Amino acid sequence: MSSQSPAERADELRRLIEHHNVRYHQLDEPEISDAEYDALVRELAALEETNPELQTPDSPTQQVGAVPSALFAPVQHRARMMSLDNATSFEELLAWGKRMERFISGDVDYVCELKIDGVAISLLYEDGRYVRAATRGDGSVGEDVTDNIATIAAIPERLAVADAPAVLEVRGEVYMPMPAFEALNRKQVETGERLFANPRNSAAGSLRQKDPKITAGRELSFWTYQIGELVGGPAFTRHRDTLQWLAEAGFPINPELRVLDTLDEVHAFCRHWEEHRHDLDYEIDGVVVKVDDLAQRGELGSTSKAPRWAIAYKFPPEERTTKLLAIDVSIGRTGQATPFARMEPVFVGGSTVGVATLHNEDQVRLKDVRPGDTVIVRKAGDVIPEVVGPVLSLRPDGTEPWRFPQACPVCGTELVRQEGASATFCMNVECPAQTRGRIEHFASRGAMDIEGLGERTVGLFVDEGLLRDPGDIYSLDFERVRQLEGFGDISVRKLQDAIEASKSRPLGNLLVGLSIPHLGFTSSIVLARALGHLDRIMTATADEIAEVEGIGPTIAQSVCEFFATEQNRAVIEKLRDARVNFEGPAAPTEPQTLAGMSVVVTGTLEGFSREGAEEAIVRRGGKSPGSVSKKTTAVVVGESPGAAKLTKAEELGVPVLDEAAFVRLLETGELPQ
Ligand code: IVH
């Protein structure tokens, strides 16, 4: 870039921005993330500011959106649909606020609204009747999407006011709620069609349909945020009153709106929603802060592109593009071969992401990501990073669809995918990757909880030939361990103590630690409690196991097969020789306060690990499944809870408990009134 003159760079930036405008606004197939696009516009604006001779009236910094596509009839907006200036840090937001307060005579009230990540739409009502809808287009001319918008249930056909104004032009955002977006993508999978990258793209794609019936099937919704023009209606002095009136007229107004009178409060509002954006069932990408008083807005006026009386505080991006370097396969403790993406590290959603799981063979095929592709990476809230898909227009020539390897990358054994299943397995139980995974899991907190036997140490011991299966832990050669780098008398003693202590863990923990396919934490405890002894479980038939309440036939079959395998029985004998506890509580030791209840835990609690909380529930006769359903008695919520669980709980009216209420529930079995 240093070899370019400012004029050349400005030229290049203009061409790039125009290219991305068309991809975003007309094709609904952006090649770069919003944050990357904003960075280009900012760079151009900065160049133009320091080199005023480079400013041109047709520069993208002076324009809004893109020229409308020829697919739809053009609509001339009666009043220009402007864009908003962005602030990407609190400093910028506060600097804007301070400018407002200096410029305006009198106090400023700020209306803070969520910035909905959808598609801007203008709706026209004449004499109270819906007559037309248009996209923003380039701000002056948009596209006529009247018939498509008419299919959205949230948009009134007639205004619910006594004296309908002669003309009302309303603006707002069409969006697709998360559940509808997820359902749509599931359907796209079933029909083998292209996945939508995010709810905004799917909302835009759903509006750009020639056939309104397709739009009608897409569950779109709408939030109103502004009046564009009003002829023959009430006179307003404050923005909040216009929204109130619009709500009475039948338009949906977002309930999270707040009127605040200090920049500190505005700052707190932005921080709150940055942290809680995933508690909503629609996507937001920031907060819009607006001056409330309409006369003050008049004083402030607008630039050619955006009003001075509003600013969009944009959250840090959750989607970025990066290069996909390779697709590798990892082997888990059950032998499952999971493909994952290795990418050029990219900072997204608050952390640097260099790898992301691709789940299984079908997912890779569906997304059709190929090494060399530019891919969109998404990391939202506490959700694990995800490769959304490739940017097809940037695919280099000569790439081939990725093929699942035929052999295990660790031991070379043939990989097997059973018919009708999506997972692929390495069938060699002695595969070093599986061995490491099984031992690590056996020693982990939710199982035998052996402090000091984590991923690194297990890897080292396996490589040194000290451990081949979990049973070897109890005859570990400590003399050899002492000679390994990083071990001394103290660490060896600690490890010995931790291993000794693990021998008395309850049977449920032992079952968890054995890595029996399909047998999770809750079912391990249920089985331990019902059958009481490992020998009893080992000799039971699949039918007998399936009779235990809460254990289905798949688990029962899997348990039987596990204990019928010679290698597994050999491990059990090593554990028996070491006098590891095989007995479960014959009768429940805790009062069965939660008998018949189903309690879901989400987020981090202070006094319990996740496993500890689930164990406490199960010990008291309850169940603790991983998802919320109609049958859920309560959802316990800690720090950074999963948004999906919370939303589901709200939808179904399931009580939500904090940690204190959870402790009371454990003790008494009673929900708070
Ligand atoms: S007010 C003069 N309020 O963000 C501009 N816009 O980046 C008036 N948006 O074009 C816009 N939520 O599509 C406003 N609560 C909100 C919004 C919002 C989303 C969109 C809108 C606008 C874009 C600007």
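Every value quoted in this text rests on a predicted model; they were computed, and no experiment measured them. As the structure lists them, so they are numbered: ligands from 1, and atoms in each ligand from 1. Both backbone and side-chain heavy atoms feed into the values below; hydrogens, waters and symmetry mates do not. In what follows, residues are counted from 1 in the order of the sequence shown.
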Review point. Short list, please: which atoms of ligand 1 are under 4.0 Å from a heavy atom of Met82?
Key: 2 (C), 5 (C)
**Study point:** Structural part of Val119 in contact with ligand 1, heavy atom criterion under 4.0 angstrom
**Key:** neither
Check your understanding: Any N or O of Asn86 that comes nearer than 3.5 Å to an N or O of ligand 1?
Key -> no
Review point. Taking distance alone, with no angle check, do Trp309 and ligand 1 share an N/O pair under 3.5 Å?
Key: no
**Study point:** Parallel, tilted or perpendicular, as decided by the 30° and 60° cut-offs, for the rings of Trp273 and His276
**Key:** perpendicular
Exercise for review: Check the angle between the aromatic planes of Trp223 and Tyr175 and answer parallel, tilted or perpendicular using the 30° and 60° thresholds.
Suggested key: parallel
Exercise for review: Using a cut-off of 6.0 Å, state whether more than 12 heavy atoms not belonging to Glu53 lie near its atom CD.
Suggested key: yes
Check your understanding: To the nearest 0.1 Å, how far is atom 12 (N) of ligand 1 from its closest protein heavy atom, and which atom is that?
Key -> Ile116 N, 3.0 Å
Review point. More than 12 foreign heavy atoms under 6.0 Å from CG of Asp211: is that the case here?
Key: yes
Review point. Among protein heavy atoms, which sits nearest to atom 3 (N) of ligand 1, and what does the distance come to when rounded to 0.1 Å?
Key: Lys290 NZ, 3.0 Å
Review point. How close does the nearest protein non-hydrogen atom get to atom 6 (N) of ligand 1, and which residue and atom is it?
Key: Tyr225 CZ, 3.5 Å
Review point. Do Phe251 and Tyr125 pass the ring-ring contact (aromatic ring centres under 6.0 Å, His included) test, and can you show the C-alpha distance, the side-chain angles, and the key distance before you say yes or no?
Key: CA-CA 12 Å; Phe251 292 98; Tyr125 290 79; 5.4 Å; yes
Review point. At what distance is the nearest protein heavy atom to atom 23 (C) of ligand 1, and which residue and atom is it?
Key: Lys115 NZ, 3.9 Å
**Study point:** Close-contact set for ligand 1 against Ala120 heavy atoms, below 4.0 Å
**Key:** 13 (O)
**Study point:** Closest protein heavy atom (residue, atom, distance) for atom 15 (N) of ligand 1
**Key:** Glu113 OE1, 2.9 Å
Review point. For Met81, is the nearest heavy atom under 4.0 Å from an atom of ligand 1?
Key: no
Revision key, fill the gap. What one should report as the nearest heavy-atom pair of Glu31 and Thr321 is O-CG2, 3.5 Å
Review point. Around atom CD of Glu219, are there more than 12 heavy atoms of other residues, nucleotides or ligands at under 6.0 Å?
Key: no
Review point. Taking the non-hydrogen atoms of Asp117, is any one of them nearer than 4.0 angstrom to ligand 1?
Key: no
Study note, to complete from the structure: Note: Arg171, heavy atoms under 4.0 Å from ligand 1, region reported as neither
Check your understanding: Does Phe347 have Lys379 sitting over its ring (NZ/CZ under 6.0 Å from centre, angle to axis within 45°)?
Key -> no
Review point. What part of Arg136 sits under 4.0 Å from ligand 1 if we count only heavy atoms: the side chain, the backbone, both or neither?
Key: side chain
Practice item. May I ask you to check whether over 12 heavy atoms, not counting those of Arg42, lie within 6.0 Å of atom CZ? Key: yes
Review point. Do Val288 and ligand 1 have an N or O pair less than 3.5 Å apart?
Key: no
**Study point:** Heavy atom of the protein closest to atom 13 (O) of ligand 1 (residue, atom name, distance)
**Key:** Glu173 OE1, 2.7 Å
Point to revise | Residue pair Phe90, His267: steps toward the ring-ring contact (aromatic ring centres under 6.0 Å, His included) verdict | key: CA-CA 7 Å; Phe90 289 128; His267 185 174; 4.1 Å; yes
Study note, to complete from the structure: So the atoms of ligand 1 within less than 4.0 Å of a heavy atom of Pro307 turn out to be 2 (C)
Point to revise | Derivation of the salt bridge (Lys or Arg N to Asp or Glu O under 4.0 Å) call for Glu169 and Arg78 | key: CA-CA 9 Å; Glu169 199 236 299; Arg78 300 164 67 110; over 6 Å; no
Exercise for review: Just need the protein heavy atom nearest to atom 8 (C) of ligand 1, so name the residue and atom and give the distance.
Suggested key: Gln226 OE1, 3.5 Å
